[in-house]
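Throughout, a chain's letter reflects where its sequence line sits, starting with A, and its residues are numbered from 1. As a basis for the values below, the full set of heavy atoms in this structure was taken, side chains included, without hydrogen atoms, waters or symmetry mates.
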Amino acid sequence: MKIIIVGCGRLGSYLALLLSREGHSVTVVDIDKEALASLGPDFQGETVVGMGIDEEVLRRAGIEQADLFIAATGYDNTNIMASYVAKEIFKIKNVITRLDDPKKAEIFQSLGLNVISPITLAAEAIKKCVEGLQCISLSSAEEK
Amino acid sequence: MYIIIVGGGKVGYYLGKSLLESEHEVLVVEKNPNRAAFLIDELGADHVWLGDGCDSSTFEQIGLNRADAVIAVTGDDEDNLVICLLAKRKFGVPRTIARINNPRNAKIFAHLGVDVTVSTTEVIEAQIQRALPIPSLVHLLALKRGGVELVEGKIAPGSPADGRRIRDLGIPDDALVVMVVRDDQTIVPYGDTTLMAGDEILAVTSPQSKEVLRRIILGK
């Protein structure tokens with residue numbers, strides 16, 4: 001699959017390495033050149049420096065051929081905007097949006113985005129532990 | 001009208017002040033407590049809300065669903081988009097207006113259903129263009145769905161429009177001259193109105209027909 005990831009922070013970079021290791025063709029977009037460099041020599045995919053909400057930058061990243069678009073920056077509103085650009089302007093069918101704010105996650109899920117909320121996921125996992133259910137192993141999920 | 005302004009910076013403050021003077025019901029939402037305190041002193045406590053305008057719980061508390069218009073004027077394009085999307089898609093606010101800093105975002109905002117965008121950069125550019133003695137068609141406003149924009153221009157001597165009736169100019173169907181200013185007089189034009197060099201015109205046009213309109217008005 002051709003996958004575009006916007007945001008090369010902890011989640012974006014971890015995800016990029018994970019997915020490229022699985023054999024996917026991954027392109028990471030970030031405004032910070034150093035963040036992209038932190039992917040290291042292990043990363044087999046491409047990188048593009050620029051704003052992940054800018055049509056021109058996304059075109060350079062090859063969005064028109066992408067099968068999956070992931071907005072994973074640490075800024076909810078940037079992720080929302082990038083996701084709508086991918087979904088409604090470039091007509092990408094599979095768009096995943098990271099939203100940290102649980103309330104916002106709920107609203108934009110209802111407005112048609114496919115939202116992953118790290119905070120909600122972590123809270124639910126912890127709640128399960130509290131309830132005395134079998135605690136899921138967090139060792140493989142360093143990212144919250 | 002009940003108008004909610006999100007972002008209490010310079011733009012939000014002066015806008016709020018002038019809308020209050022026009023006797024609208026105005027609420028300025030500002031998340032910085034110090035700035036909000038200044039706004040309360042200036043505009044009165046009834047017209048200021050301390051809170052995050054991108055947060056939907058703020059919107060519920062201030063009764064966004066009964067707002068007639070939401071104007072997002074923070075310094076951040078992404079925030080302004082999210083505010084307008086929430087207002088429009090979640091709360092059904094009839095009119096959303098956003099300030100944009102990067103003119104390239106205008107198309108995206110229009111495509112996503114924001115009714116009007118005002119680009120600070122383009123407004124300044126337009127002012128400067130007007131001040132320069134170079135004939136041009138000045139972009140004033142982009143309206144919803146990326147469909148049309150409002151432009152302004154001055155009929156150049158010897159241009160196709162000089163001395164001819166509007167109906168004879170071959171203006172495309174998706175463009176329309178809506179106002180003519182001649183010697184400080186405002187004329188609402190009809191097909192029979194004859195344009196003259198020096199007339200200032202306001203027109204709505206699709207982006208595709210802008211070039212044709214430019215040639216008719218400026219003659220090049």
Out of A:E56, A:M51, A:E55, return the one with the most heavy atom pairs under 4.5 angstrom to chain B. A:E55

A:I80 versus chain B, the contacting section by heavy-atom distance below 4.5 Å: side chain

Which atoms of B:D76 come close to chain A, meaning under 4.5 Å heavy atom to heavy atom: side chain ones, backbone ones, both, or neither? neither

Checking B:S209 side chain against B:V212 main chain: does a donor-acceptor pair fall under 3.5 Å? no

Within a 6.0 Å radius of atom NZ on A:K33, are there more than 12 heavy atoms belonging to other residues, nucleotides or ligands? no

Is it the backbone or the side chain of A:N79 that comes under 4.5 Å from a heavy atom of chain B, or both, or neither? neither

Step-by-step side-chain hydrogen bond (donor to acceptor under 3.5 Å, both in side chains) determination, B:N102 to B:D77: CA-CA 8 Å; B:N102 182 352; B:D77 288 4; 5.5 Å; no

With a 4.0 Å cut-off, would you call A:E124 and A:K127 a salt bridge? no

Would A:F90 and A:F69 count as a close aromatic pair, with their ring centres under 6.0 Å? no

Measure B:L81 against the heavy atoms of chain A and call it side chain, backbone, both or neither at under 4.5 Å. side chain

Atom group of A:F108 that falls short of 4.5 Å from chain B, counting heavy atoms: side chain

